[in-house]
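Remember, it's a predicted structure, so these values are computed and weren't measured experimentally.
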Amino acid sequence: MNKIVIVGAVGGGATAAGQLRFYDPDVQIIVFDRDSTMSYAACGTPYVIGGVIEDEESIIMTDPKRFKKKRDIDVHMRHEVIAIDRAAKKVLVHNLESGEQFEESYDALILAPGGSAIVPKIEGLDTSKVFTLRNFEDMQKIDQFIKTAQPKNCVVSGGGFIGLEMAENLKNIGLDVSLVHRSPTIMSILDTDISLMIEKELALQDVKLITGTEIKKTEGKTIHLSNGIDIQADFIIMSVGLRPNTRLAMKAGLTIGETDGIETNEFMQTNDPSIYAIGDASENFDMVTGDPKRVPLASPAHRQAFVAASHLTGNKVAKKGLLGTSVLKIFSLTAAMTGLNEKAIQDKNLAFATVTHTGNSNAGYYPDHSEITLKVHYDPQTRKILGAQCIGGKGVDKRIDVIVTAIYGGLTIDDLQALELCYAPPYSSPKDPINMVGYKALSK
């Protein structure tokens, strides 16, 4: 392999480039990205806006100059790859600054184009101040607007990860926040009972939550909702979803899968063996069911980058599938999940049972403890763990991480009772909530 071209210079693309250089000191690596900032921590952007992270530069991991000096990798920002000639193994690149177009050859091509924020067609939306948060520049625009215009209130449209993180951070800097969500409950990846706990926390923190509705029309600062309610807001954060950037792949004749992502195999190869796809725009498969799955999160993107780079340099490390493991901070609560939720299990007509345990994060007599609820779905016959969710104070992420490890290791729900987990009063209990879930399942 002599020359590898990568489309995308953020999480997946930059990681793939670095991994390739680690395994092959001689291969030529060229990276193109249409944005102006590379290798930044997109997950940190809400916390820059909320002032939790004071230095916005701290979420930038590197820049083209440093990447070139340290790894001998050429990164061209503000360059958009607009076409792929698979037969000739060339890409057509558009320099967004100069307007110049040129061709770049490749022996292998890695697509890490990410996704774009969905902005619904809404009457009058152009009369209102509307932002999305998808990249570093979006973050800067929101931050600058807040600092210069000094708004008093905001509507956040969409109750997913970005919507909830933005609601918290905007509230923390003193704004009056209304959160509008189309579905009956927020965070659709969670079971309803877990989502309702988050809604209770939002109410306690004075975030005005309006579910089962959406923005129908806007007139400047007046936001008309489909349920007839009108809200006054100085600006809108639109966070209703992410659309994978697959146009380039579609034009090149690459297969787009059931989840609208670029279909890949266990080595992240597309239907063209010389072209790989990783990150938000790629489709892999579900570890539990084997069905097509797309998870637009940082951890899967980094793992996919490793798998693709390893395969390109002669080490066939297969991707074992996706669980969609994720965690979210909502004021004083933490919510985390992995695997299938109840709705997904029911939609797939899988037999399942559920065990739930509510207890302390650590010893109840120790001053620093909190309540957590751990909920695990499993197959009642094979005892295979299908998915889990946890919500509460400290230690939520730890419990879900243990469940993830159990799924990867092929442990059953009954095996959880026997796990010898860390115990000291500041950290857990002699029988950890993980153990308790196992005991409860066994008693069923």
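The side chain to side chain contact (heavy atoms under 4.5 Å, CB included) check on Asp138 picks up Thr132, Leu133, Arg134, Asn135, with sequence neighbours excluded. Partners of His76 under the ring-ring contact (aromatic ring centres under 6.0 Å, His included) rule, at least two apart in sequence or in another chain, are Phe32, His79. Residues passing the ring-ring contact (aromatic ring centres under 6.0 Å, His included) test with Tyr40 are Phe136, sequence neighbours excluded. Among residues two or more places apart in sequence or in another chain, the ring-ring contact (aromatic ring centres under 6.0 Å, His included) test is passed with Phe161 by none.
Applying the side-chain hydrogen bond (donor to acceptor under 3.5 Å, both in side chains) rule to pairs touching residues 112-125 yields Ser116-Asn245, sequence neighbours excluded. A salt bridge (charged side-chain N to carboxylate O under 4.0 Å, His left out) check over residues 198-207, counting only residues at least two apart or in different chains, returns the pairs Lys171-Asp206. Applying the ring-ring contact (aromatic ring centres under 6.0 Å, His included) test to residues at least two apart or on different chains, none of the pairs has a partner in residues 200-230. Within the structure, the salt bridge (charged side-chain N to carboxylate O under 4.0 Å, His left out) test picks out the following pairs touching residues 286-309 (sequence neighbours left out): Asp286-Lys293, Asp291-Lys348. The side-chain hydrogen bond (donor to acceptor under 3.5 Å, both in side chains) analysis of residues 395-409, with sequence neighbours excluded, yields the pairs Arg399-Asp432. Applying the side-chain hydrogen bond (donor to acceptor under 3.5 Å, both in side chains) definition to pairs two or more places apart or across chains, those involving residues 42-58 are Glu56-Gln140. Note on residues 324-361: pairs passing ring-ring contact (aromatic ring centres under 6.0 Å, His included), not counting sequence neighbours, are Phe352-His377. Sorted by first then second residue, the salt bridge (charged side-chain N to carboxylate O under 4.0 Å, His left out) pairs that include residues 324-334, not counting sequence neighbours, are Glu168-Lys329.
For the residue pair Thr185 / Ser195, no side-chain donor-acceptor distance below 3.5 Å is found, with atom types taken as modelled. The closest side-chain donor-acceptor pair between Asn284 and Gln304, if any, does not fall under 3.5 angstrom. Between the side chains of Thr213 and Ser226, at least one donor-acceptor pair of N or O atoms lies under 3.5 Å. Judged purely by distance below 3.5 Å, without hydrogens or angles, the side chains of Glu371 and Ser361 never pair a donor atom with an acceptor atom.
The closest donor-acceptor contact from the side chain of Lys319 to the backbone of Met268 lies at 3.5 Å or more, if one exists at all. Formation of a donor-acceptor pair under 3.5 Å by the Asp280 side chain with backbone atoms of Val295 is not found in this model. With Asn360 contributing its side chain and Ala363 its backbone, the two residues share no donor-acceptor pair below 3.5 Å. The closest donor-acceptor contact from the side chain of Thr373 to the backbone of Thr358 lies at 3.5 Å or more, if one exists at all. Between the side chain of Glu342 and the main chain of Asp191, no donor-acceptor pair closer than 3.5 Å is present. Side-chain N or O atoms of Lys394 include one that pairs as donor or acceptor with a backbone N or O of Asp368 at under 3.5 Å.
The pair Asp260-Arg243 does not count as a salt bridge, with every side-chain nitrogen at least 4.0 angstrom from each carboxylate oxygen. Asp234 and Lys152 are not joined by a salt bridge, as no carboxylate oxygen comes within less than 4.0 angstrom of a charged side-chain nitrogen. The pair Arg383-Asp379 fails the salt-bridge criterion, with no side-chain N (NZ, NE, NH1 or NH2) lying under 4.0 Å from an Asp/Glu carboxylate O.
Remark: Lys320 NZ is loosely packed, at most 12 non-hydrogen atoms of other residues, nucleotides or ligands lying under 6.0 Å away. Heavy-atom neighbours of Lys68 NZ from other residues, nucleotides or ligands within 6.0 Å: above the threshold of 12. Other residues, nucleotides and ligands contribute only 12 or fewer heavy atoms inside 6.0 Å of the CD atom of Glu258. Other residues, nucleotides and ligands place no more than 12 heavy atoms under 6.0 Å from the NZ atom of Lys129. Atom NZ of Lys208 has more than 12 heavy atoms from other residues, nucleotides or ligands within 6.0 Å. Arg247 CZ: 12 or fewer foreign heavy atoms inside a 6.0 Å radius. The number of heavy-atom neighbours closer than 6.0 Å to OH of Tyr427, taken from other residues, nucleotides and ligands shown, is 12 or below.
Ile142 contributes atom CD1, which lies 4.0 Å from atom CD1 of Ile49 (distance to the nearest 0.5 angstrom). With rounding to the nearest 0.5 Å, the separation of CD1 in Ile231 from NZ in Lys221 is 15.0 Å. Thr264 contributes atom OG1, which lies 11.0 Å from atom CG of Leu111 (distance to the nearest 0.5 angstrom). Expressed to the nearest 0.5 Å, how far CD1 of Ile198 lies from CD1 of Ile194 amounts to 8.0 Å.
Considering Val5, Ile6, Val75 as possible partners of Ile29, the one that fulfils the side-chain contact (heavy atoms from CB on, under 4.5 Å) test is Ile6.
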* Does the side chain to side chain donor-acceptor pair (under 3.5 Å) test come out yes or no for Thr270 and Glu263, once each step is laid out? -> CA-CA 6 Å; Thr270 67; Glu263 190 177 281; over 6 Å; no
